[in-house]
Student: 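Quick one: the structure is below, and I'll ask about it shortly.
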Amino acid sequence: AIEGSVSVYPNPTKEKVTIDGIEVAEVQVYNAIGQLVKTVRNSNEIGVEGLPEGVYLLHIHDKQGVSHTNRITIAK
């Protein structure tokens with residue numbers, strides 16, 4: 001995949017983010033200290049309404065087996 005071909009929006013977000021540009025197989029959401037806080041499979045929408053404010057890393061695996069990493073900020 002071309003760098004930057006994946007977009008995650010809105011960012012910052014309050015309730016959910018949408019992943020565009022790939023077919024999502026799995027998304028793992030990690031908090032700022034590296035703890036896995038959420039895993040979502042086969043969905044391009046990730047609900048984050050239950051997570052505290054802060055910066056998170058999304059490790060996105062697409063259906064072609066390519067990994068992408070995107071940073072999001074949750075702001076209430």
Side-chain angles (χ1 to χ4, degrees):
I2 302 159
E3 191 63 38
S5 61
V6 178
S7 59
V8 179
Y9 61 88
N11 189 11
T13 185
K14 290 184 177 68
E15 292 168 2
K16 67 178 183 180
V17 291
T18 300
I19 300 166
D20 257 4
I22 56 170
E23 276 190 283
V24 174
E26 184 177 84
V27 180
Q28 294 167 309
V29 182
Y30 290 88
N31 65 16
I33 58 173
Q35 293 172 313
L36 178 62
V37 294
K38 185 162 193 145
T39 301
V40 178
R41 290 182 178 85
N42 301 313
S43 174
N44 281 53
E45 283 194 351
I46 313 301
V48 297
E49 60 282 335
L51 298 174
E53 290 188 304
V55 176
Y56 292 80
L57 279 181
L58 302 184
H59 291 274
I60 305 162
H61 305 280
D62 69 23
K63 296 201 170 160
Q64 282 69 48
V66 180
S67 295
H68 309 267
T69 302
N70 284 69
R71 186 185 302 265
I72 63 165
T73 300
I74 298 174
K76 302 296 183 194

Student: List the atom of His61, the atom of Ser67, and the distance in Å for their closest heavy-atom pair.
Tutor: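 Closest approach of His61 to Ser67, heavy atoms only: ND1-OG, 2.9 Å.
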Student: Taking C-beta and beyond as the side chain, do Tyr9 and Asp20 meet within less than 4.5 Å on heavy atoms?
Tutor: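 SC-SC contact between Tyr9 and Asp20 confirmed.
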Student: Look only at the side chain of Asn44 and the backbone of Ile22, and say whether a donor-acceptor pair between them is shorter than 3.5 Å.
Tutor: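 Checking the backbone N and O of Ile22 against the side chain of Asn44, a donor-acceptor pair under 3.5 Å is found.
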Student: Got a sec: does the CD of Glu15 have more than 12 other heavy atoms crowding it under 6.0 Å?
Tutor: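 12 or below, so no.
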Student: To the nearest 0.5 Å, what is the distance between CD on Glu26 and OG on Ser43?
Tutor: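 It comes to 12.0 Å.
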Student: Using side-chain heavy atoms (C-beta onward) and a distance below 4.5 Å, is Thr39 in contact with Val29?
Tutor: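 They are not in side-chain contact.
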Student: Consider only side-chain heavy atoms of I, L, V, M, F, W and Y, link residues closer than 4.5 Å, and tell whether Val37 and Leu57 are in one cluster.
Tutor: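 Per the 4.5 Å side-chain linkage, Val37 and Leu57 are not co-clustered.
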Student: Any side-chain to backbone donor/acceptor pair from Lys38 onto Gly47? Under 3.5 Å, distance only.
Tutor: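 Here the side-chain-to-backbone pair exists.
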Student: With a 4.5 Å limit on heavy-atom distance, are the side chains of Asn70 and Ile60 in contact?
Tutor: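 Contact flag for Asn70/Ile60 side chains = yes.
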Student: Could you see if Val8 belongs to whatever hydrophobic cluster contains Tyr30? Use Ile, Leu, Val, Met, Phe, Trp, Tyr and a side-chain cutoff under 4.5 Å.
Tutor: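 No, it is not one cluster - the side chains of Val8 and Tyr30 are not joined through contacts under 4.5 Å.
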Student: A quick test of your reading: do over 12 heavy atoms of other residues, nucleotides or ligands sit less than 6.0 Å from NZ of Lys63?
Tutor: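 Yes, NZ of Lys63 has more than 12 neighbouring heavy atoms, counting only those of other groups under 6.0 Å.
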Student: Taking atom CD of Glu23 and atom CG of Asn42, what is their separation to the nearest 0.5 Å?
Tutor: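 Spacing of CD (Glu23) from CG (Asn42) equals 9.5 Å.
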Student: Looking at side-chain heavy atoms only, is the closest gap between Val55 and Arg71 below 4.5 Å?
Tutor: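 Answer yes - side chains close enough.
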Student: Does the side chain of Thr13 come within less than 4.5 Å of Thr73's, by heavy atoms?
Tutor: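 Result no, sub-4.5 Å side-chain heavy-atom pair not found.
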Student: Would you check if His59 and His68 make a side-chain contact, meaning some heavy-atom pair closer than 4.5 Å?
Tutor: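 His59 vs His68: side chains apart.
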Student: With a 4.5 Å heavy-atom cut-off, do Leu58 and Val17 have their side chains touching?
Tutor: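 SC-SC contact between Leu58 and Val17 confirmed.
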Student: With the side chain counted from C-beta on, respond yes when Ile74 and Tyr56 share a heavy-atom pair under 4.5 Å apart, and no when they do not.
Tutor: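 Sidechains of Tyr56 and Ile74: in contact.
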Student: Is any side-chain N of the basic residue among Glu53 and Lys76 closer than 4.0 Å to the acidic one's carboxylate O?
Tutor: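 Salt bridge flag = no for Lys76 with Glu53.
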Student: Step by step, work out the side-chain contact (heavy atoms from CB on, under 4.5 Å) result for Val48 and Leu51.
Tutor: CA-CA 5 Å; Val48 297; Leu51 298 174; 4.1 Å; yes
